[in-house]
Every structure is written in C-alpha cells, then in structure tokens.
Visitor: 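A single structure is presented below for examination.
Only heavy atoms go into these numbers, but all of them, side chains included; no hydrogens, no water, no symmetry mates. Order of listing sets the numbers, starting from 1, for every ligand and every atom in it.
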Amino acid sequence: MLSFRSRLSRADVDVIRQIADSTGFFDENDVQINVDIAEDMLCRKDSCHKFILADYNGRTVAYVCYGKVSDARDGTYEICWLSTLNDYRGLGIGRRLINCLIAKLRKKGAERIYVKTDSKEQYKPTRRFYEKCGFRLQAVLPGYYDDNDNCCIYALQLVDNDCAETGREQCLAAE
Ligand SMILES: CC(C)(COP(=O)(O)OP(=O)(O)OC[C@H]1O[C@@H](n2cnc3c(N)ncnc32)[C@H](O)[C@@H]1OP(=O)(O)O)[C@@H](O)C(=O)NCCC(=O)NCCS
C-alpha cells in the first residue's frame, strides 16, 4: 500500500539521505543539501522548503522537496529535489508522488510548477519522467552545470497560460 505524508520526524532525515544516496545521481554535496534542508525544516516552522514522503508497505521509499519561488509571481512553485529509492524505481511511485504534490499545490492556488534538471544522458529517464508527468521543456541554460552540461527547465502549467507556450517555442527555436 502506498501512502503520502508531509510531516517529517527526525528519523526521516537519515532516510532522506539513504534514498538520495541510493539513486547514484547525486554527489555527496547534493545528498548533504537534501539532509540540511530536512534538518532545517525540522528546526524552523517558517522553512521555505517542504517535503512529501511516500511510504510503501510501511517503508519510506521516495520523497519530493518543494517550495514557493520567492521572486516569481504568485502561484509559482518549484520542485527542488526528488528521489525514489533505487530498488523501487519504475513502479509508478514517483508519478503518484508528483500527482499528490500537484493536488496539494492546486489547493494552495498554485498555477505553475517548475523543475530544473540536467541535460546529460544519465538524466534522460528523468526528463522522460517529467514529460510523462505533464511537464514541458521551457528553457535550456547552456553550460549551467558544467561545460556541455546544460540546465533544462521544465514547467507544468496548472492553468492556461499563453506566455508559457511562447517561452517554450522560443526555447525550442534556440536549440
Ligand atoms: C526520476 C524518479 C524520481 C522517478 O521516480 P520513479 O518512482 O522511478 O518513477 P515512476 O515509476 O513513477 O515512473 C513514471 C514514468 O516515468 C518513466 N520512467 C521512470 N523511470 C524511467 C526510466 N529509467 N527510463 C524511462 N522511463 C522511465 C516511466 O516510464 C513511467 O511512465 P509509465 O508509468 O507511463 O511507464 C526516479 O527515477 C529517481 O529517483 N531518479 C534518480 C534521481 C533523479 O533523477 N531525480 C530527479 C532530479 S531533478
């Protein structure tokens, strides 16, 4: 059985570390950033980040960390981190986690959700995953992560928005 929760306990911090580490996608520094965000969230009620954790048959196997984009127009959120425990990937858990996030953010009046990901071959399944979840490529920032390692910005529009389509067309034309 799969269930979702937003409340974090201290024990979850280590679980988040293990899940992030298991993917093999994140270096030590990235994993530590996930841990620091979770710890900060436990200490501060006004933390700008939030988590949703996915529990599958009593084991926490995936999480998404998200937040409001502070310098963007109202209704703009971003996915900061997302991981499924390696042995549980490809089972549909990530998709259901994203659907849970979307439902939650819709209730808060969200109009769009952004996520940044990597252009490297390793991230092809991740980009495919976001596309399958309804996200569309909006912009590419060349050399953002490293030489020949671009940042791909995806967006999920929760309301109709002509500007988004124009941005996407400009992005595709520039490729
Ligand atoms: C990206 C990630 C969170 C997806 O979670 P998941 O639980 O494996 O995803 P799901 O099983 O719900 O997959 C949903 C869709 O994405 C597609 N997908 C997932 N993994 C895939 C893969 N390795 N190759 C191709 N497509 C894939 C599936 O086809 C699926 O669509 P379908 O249900 O129509 O077949 C997970 O694979 C992961 O932790 N990846 C490594 C870390 C990462 O890239 N995080 C995001 C950083 S921005």
Visitor: Pairs under 3.5 angstrom only: tabulate donor-acceptor contacts from the side chains of residues 49-58 to other protein residues two or more places apart or in another chain.
Guide:
| from | atom 1 | to | atom 2 | distance (Å) |
| --- | --- | --- | --- | --- |
| D55 | OD1 | T60 | OG1 | 2.6 |
| D55 | OD2 | R5 | NE | 2.7 |
| N57 | OD1 | M1 | N | 2.3 |

Visitor: Do R73 and R112 make a side-chain contact, defined as non-hydrogen atoms from C-beta onward lying under 4.5 Å apart?
Guide: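 Sidechains of R112 and R73: in contact.
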Visitor: Can the ring centres of F135 and F129 be said to be less than 6.0 Å apart?
Guide: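 Distance test on ring centres: not under 6.0 Å, no.
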Visitor: Ligand 1: which residues have a non-hydrogen atom closer than 4.0 Å?
Guide: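 For ligand 1, the contacting residues are T23, F25, F26, L82, S83, T84, R89, G90, L91, G92, I93, G94, R95, K116, T117, Y123, P125, T126, R128, F129, Y130, K132.
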Visitor: Is the shortest side-chain heavy-atom distance between L85 and R59 below 4.5 Å?
Guide: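 Counting from C-beta outward, L85 and R59 do come under 4.5 Å.
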Visitor: Show the nearest heavy-atom pair for residues S119 and N148, with the distance to one decimal.
Guide: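 Nearest heavy atoms, S119 then N148: OG-O, 4.3 Å.
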Visitor: Taking side chain as C-beta onward, heavy atoms only, is Y63 less than 4.5 Å from N34?
Guide: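 Y63 reaches N34 side chain to side chain.
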